[in-house]
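Let me begin by presenting the structure, written as structure tokens, before commenting on it.
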Amino acid sequence: MSSHQISVTINGEQHTREVEARLLLVHFIREELGLTGTHIGCDTTSCGACTVLLNGAPAKSCTVFAVAADGAEVTTVEGLGNGGLHPVQQGFTEKHGLQCGFCTPGMMLTSKALLDENPDPSEAEIRWGISGNLCRCTGYVNIVKAVQRASELMKENSDG
Amino acid sequence: MIPPSFDYHAPDNLEEASRLLLANPEAKLLAGGHSLIPMMRFRLAEPSALVDLRKIPGLSGIREEGGSLCIGAMTRESELEKSELVQSRYPLLADTTRVIADPVVRNLATIGGNVAHADPGNDHPAAMLAYRASFLACGPSGERTFAASDFFTGPFSTCLEAGEILTGIRIPASGPGSGGAYQKFERKVGDYAVAAVAVHLQLDGGRVAGAGVALTNVGLTAIQAGAAEAALVGSDGGDAALDAAAEAAAAAADPADDHRGSADYKRAVVRVLTHRAASSALARAREAS
């Protein structure tokens with residue numbers, strides 16, 4: 001068993017901690033830093049509730065050791081809006097892209113990364129893009145509408 | 001679920017990584033971690049130490065060189081998915097990559113991990129057999145190269161020696177008249193295949209001059225279906241040849257009854273998927289002629 005000093009930038013703020021090698025990134029985020037917007041769902045790399053952006057790309061934080069995130073930049077749902085609501089959050093609000101809300105933080109982070117790469121995705125591209133994030137309430141219909149709305153809002157913002 | 005305790009090392013060169021593996025016989029290499037970490041959480045794997053490859057330079061990248069497509073072992077699946085070179089010239093690899101796990105997993109999962117983990121349910125091994133790929137490794141015996149057909153010795157087992165590390169993959173460069181396809185049948189996104197079939201074809205003057213056919217998750221390792229390849233080689237790719245290849249592939253499959261279906265059902269799936277994959281590979285090879 002080994003412990004290591006790591007330094008991870010989360011939502012723009014650098015955090016340095018001594019961690020045991022087996023500590024998972026999701027536990028580091030929730031328990032060490034108290035950022036409980038990142039959820040633990042299946043605990044088996046399937047559901048995507050724990051999705052964060054790791055150096056800009058969606059990653060299941062239940063399947064990353066915190067020690068391996070040393071030096072990384074992480075964005076959690078708490079860092080998405082930067083004070084206000086991010087267009088993705090606005091889209092999920094307007095289109096009610098949730099019921100219980102458990103999958104929502106991960107779903108929004110994956111959607112943000114999808115729209116950063118592909119600002120105008122088709123419905124099929126959205127469904128494909130979020131296929132690693134499971135929602136057991138909505139049947140995805142409103143989630144797809146929320147991502148489409150976020151895409152519109154991001155275009156309006158960039159045009160304006 | 002909390003994984004068992006282990007010592008963590010992140011060396012910055014291969015020699016040190018190899019030395020750490022030899023010094024800790026129960027150590028495991030950590031690449032993307034998306035097979036290993038779940039296994040550790042279920043306590044199916046309890047390595048005494050992890051040797052993380054992330055700081056070792058030169059293990060990642062995709063390029064054509066010396067008649068081969070060269071892929072670093074630490075190349076992420078998402079990099080293959082976004083590679084113009086792979087998407088435009090290596091359709092079998094492109095097909096395979098996009099059905100591995102799910103898009104979030106593919107941001108961290110690596111091609112080298114998928115190959116070296118040697119899970120019979122993993123998708124790259126069959127594609128590598130169909131491509132006649134070779135694997136580069138580095139370790140106590142220096143640099144060694146293995147044919148994909150020699151590499152997989154059993155479930156989760158390869159011919160890599162203690163301290164030996166898979167560093168890269170070589171796929172014969174795509175030329176005119178070559179094409180391939182991967183057909184996977186899965187119950188849901190992210191699942192392992194009920195069965196899957198990789199086909200790679202080389203056409204010459206309208207006839208099949210070379211064929212690779214290999215099967216996923218219907219045996220203890222990925223299976224190269226030699227009789228299916230023989231049924232295609234020399235043919236014009238007509239229905240009779242495709243039917244014969246599909247029958248031969250189904251006969252080569254050695255599936256077990258499990259929660260994904262009965263052995264008979266999986267053989268039937270292999271038959272259908274072989275026909276579809278060969279048909280798609282032919283169309284792509286003709287387009288590339």
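Using a 4.5 Å heavy-atom cut-off against chain B, no residue of residues 77-98 of chain A qualifies as contacting. The contact list for residues 63-71 of chain A toward chain B, using heavy atoms and a distance under 4.5 Å, reads A:Thr63, A:Val64, A:Phe65, A:Val67, A:Ala68, A:Asp70 by residue number.
Using a 30° and 60° split on the angle between ring planes, B:His200 and B:Tyr131 fall in the tilted class, from 30° to 60°.
Residue contact with chain B, scored on non-hydrogen atoms closer than 4.5 Å, is absent for A:Ser3. In this structure, chain B has a heavy atom under 4.5 Å from the side chain of A:Leu54, while its backbone stays farther away. Only the side chain of B:Lys82 comes within contact range of chain A, with at least one heavy atom under 4.5 Å from a heavy atom of that chain. In this structure, chain A has a heavy atom under 4.5 Å from the side chain of B:Leu50, while its backbone stays farther away. For a residue to count as touching a neighbouring chain, one of its non-hydrogen atoms must lie under 4.5 Å from one of that chain's; by this rule A:Ser131 touches chain B with backbone and side chain alike.
For the residue pair A:Gln14 / A:Ser7, a side-chain donor-acceptor distance below 3.5 Å is found, with atom types taken as modelled.
Not a single donor-acceptor pair under 3.5 Å links the side chain of B:Asn107 to the backbone N or O of A:Ala57. Here the side chain of A:Thr110 pairs no donor or acceptor atom with the backbone of A:Ile130 at under 3.5 angstrom. Side chain of A:Arg30 to backbone of A:Thr38: a donor-acceptor contact under 3.5 angstrom is found. A donor-acceptor pair under 3.5 Å is formed between the side chain of A:His39 and the backbone N or O of A:Phe102.
In terms of heavy-atom pairs under 4.5 Å with chain A, the best-connected choice from B:Leu108, B:Val104, B:Val105 is B:Val104. Ranking B:Lys55, B:Met1, B:Arg54 against chain A, the residue ahead of the rest is B:Arg54, based on heavy-atom pairs under 4.5 Å. For the set B:Asp191, B:Asp7, B:Leu30, the entry with the most heavy-atom pairs within less than 4.5 Å of chain A is B:Asp7. When A:His27, A:Lys60, A:Glu117 are compared by the number of non-hydrogen pairs under 4.5 Å with chain B, A:Lys60 comes out ahead.
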> Given A:Glu152 and A:Lys155, is the salt bridge (charged side-chain N to carboxylate O under 4.0 Å, His left out) satisfied, shown in steps?
Replying inline: CA-CA 5 Å; A:Glu152 286 170 16; A:Lys155 266 182 281 178; over 6 Å; no

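Looking at heavy atoms from C-beta onward, A:Leu109 lies out of side-chain contact with A:Pro58 at the 4.5 angstrom threshold. Taking the side chain as every heavy atom from C-beta outward, B:Asp119 and B:His117 approach each other to under 4.5 Å. Annotation: side chain of B:Leu220 is not in contact with side chain of B:Pro120 (no heavy-atom distance under 4.5 Å). The closest side-chain heavy-atom distance from A:Glu32 to A:Leu23 is below 4.5 Å.
Among all heavy-atom pairs drawn from B:Arg260 and B:Tyr192, the shortest one is NE-O, 3.5 Å.
Using a 4.0 Å cut-off between charged nitrogen and carboxylate oxygen, B:Glu15 and B:Arg19 do not count as a salt-bridge pair.
If you run side chain to side chain donor-acceptor pair (under 3.5 Å) between B:Glu81 and each of B:Arg76, B:Arg106, B:Arg98, only B:Arg106 comes through.
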